[in-house]
Protein chains: 2
Amino acid sequence: MDDTKNGESQAEWLDGETKVLEAPGDHGAEIRLWLRLLTCATLAETEIRRRLREEFDFTLPRFDLMAQLERAEKGMVLGEVSRRMMVSAGNLTALVERLVEMGYVSRTVSPKDRRVQIIALTGEGRAAFRIMADRHGEWIGELFKDLSRQDEALLMEALGRLKGSIRSALSGV
Amino acid sequence: MDDTKNGESQAEWLDGETKVLEAPGDHGAEIRLWLRLLTCATLAETEIRRRLREEFDFTLPRFDLMAQLERAEKGMVLGEVSRRMMVSAGNLTALVERLVEMGYVSRTVSPKDRRVQIIALTGEGRAAFRIMADRHGEWIGELFKDLSRQDEALLMEALGRLKGSIRSALSGV
DNA sequence: CCAAGAAACTTTAAGCTTGAAGTTTTTTTC
DNA sequence: GAAAAAAACTTCAAGCTTAAAGTTTCTTGG
């Protein structure tokens with residue numbers, strides 16, 4: 001970016017400046033892409049939160065937790081929920097407590113290992129989630145309405161590769 | 001998804017089931033895309049937060065605020081920062097206060113309108129931001145490393161359309 | 001001018017989130 | 001078979017975030 005300063009002798013230009021167009025440390029394109037991705041995520045997420053609150057007086061973290069539990073008929077170990085949701089265990093403690101109080105979730109100590117908690121949706125929780133999840137699906141459909149099938153497929157693919165790229169960077173390759 | 005259950009009489013298949021492939025209320029594809037987008041955003045953002053903390057003992061919200069101020073040579077009205085960052089003004093109050101305490105940001109009451117605060121980076125803030133922003137750029141480059149030029153361009157385009165779709169849904173069209 | 005309304009914040013209560021430290025229970029190692 | 005290490009949480013302090021309510025300062029309509 002600072003490389004565009006231009007009042008120097010021609011020697012400087014010839015010296016090693018093929019890089020002007022593609023400077024080694026220039027990640028401008030990636031940063032703009034990152035910001036756009038973040039904007040999409042933030043806009044949609046904020047709206048989902050708003051509607052969840054207005055329509056159901058519910059929060060997104062609670063919804064996400066219930067979504068994880070929905071697929072596990074027999075419940076799920078807390079640590080597994082933590083891993084899947086990519087949040088800390090400490091975070092879940094309070095979240096689960098709230099949902100237990102509401103009667104949406106049950107919490108049982110594993111008989112095999114008394115350190116382990118097994119979390120599951122109650123019947124009531126399952127029913128409540130079904131209703132919210134249906135609306136949630138409609139909202140997403142609405143927010144993504146103008147996206148063509150092709151764009152959807154294309155985004156799915158490319159974001160898959162991005163996810164792989166990030167994961168590989170995180171695993172220190 | 002559940003629609004793939006297949007052992008029924010052919011009558012059922014003929015009955016009204018063109019929709020098996022495209023049920024009216026099925027937003028499965030969009031939801032999967034949404035979750036993938038969110039995963040990418042979360043993975044990258046979490047890592048950026050971690051590195052910002054480890055390397056500079058700094059937080060992402062503070063970095064984002066300084067990033068907004070960096071381009072405004074003469075400072076920026078608080079409300080404008082709020083709009084650009086898509087966060088509430090109440091949020092910024094405390095954030096700005098912290099950065100003022102650190103000496104990175106100055107806060108001035110506008111002489112034209114005493115309700116208005118003008119926020120700007122100090123020299124020290126600008127210098128500190130430069131250093132962090134350079135590293136930030138490198139991190140993004142690293143996380144996006146395995147993405148081809150073509151994928152980048154393609155994502156930029158398609159996410160632009162997604163952004164448009166979300167925005168149009170929000171403006172109640 | 002002046003009251004009503006709008007605008008630009010600030011304050012507050014509630015909730016999410018994390019990293020670090022602490023507890024209990026199980027597993028490993030010698 | 002202890003002591004040490006590891007695992008699965010829970011607790012805590014600090015920080016971010018928002019919506020709603022409150023304050024101060026313009027702006028406007030009469």
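Each chain gets a letter, A, B and so on, in the order its sequence line appears, and its residues count up from 1.
Whole-Å rounding puts the R83(A) CZ to dT18(C) C1' distance at 18 Å. Distance, R115(B) CZ to dG5(C) P: 17 Å, rounded to whole Å. Rounded to whole Å, atom P of dT10(C) lies 8 Å from atom CD1 of I119(B). Straight-line distance from the CG atom of L78(A) to the P atom of dT25(C): 17 Å, rounded to whole Å. Rounded to whole angstrom, the span from the CE atom of M76(B) across to the P atom of dC9(C) amounts to 12 Å.
The residue from E142(A), E55(A), E54(A) that alone fulfils the salt bridge (charged side-chain N to carboxylate O under 4.0 Å, His left out) condition with R135(A) is E55(A).
Within the model, atoms CD of E80(A) and CG of L69(A) stand 11.0 Å from one another, a figure rounded to the nearest 0.5 Å.
No more than 12 heavy-atom neighbours from other residues, nucleotides or ligands sit within 6.0 angstrom of CD on Q150(B).
With salt bridges taken as basic N to acidic carboxylate O contacts below 4.0 Å, one links D134(B) and R130(B). Under a 4.0 Å N-O distance rule, the pair E30(B)/K145(A) does not qualify as a salt bridge. Between E152(A) and R149(A) there is no salt bridge, since no side-chain N of the basic residue sits under 4.0 Å from a carboxylate O of the acidic one.
The shortest side-chain heavy-atom distance between F129(B) and H136(B) does not fall under the 4.5 Å cut-off.
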field: Sugar-phosphate or base contact per nucleotide [nucleotides 11-17 of chain C; S, B, -; heavy atom under 4.0 Å]
entry: B---SSS
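S168(B) places a side-chain N or O within donor-acceptor distance of the main-chain N or O of S165(B), the cut-off being under 3.5 Å.
Read 5' to 3', the first and last nucleotides of DNA chain D with an atom closer than 4.0 Å to a heavy atom of chain B are dG15(D) to dC26(D).
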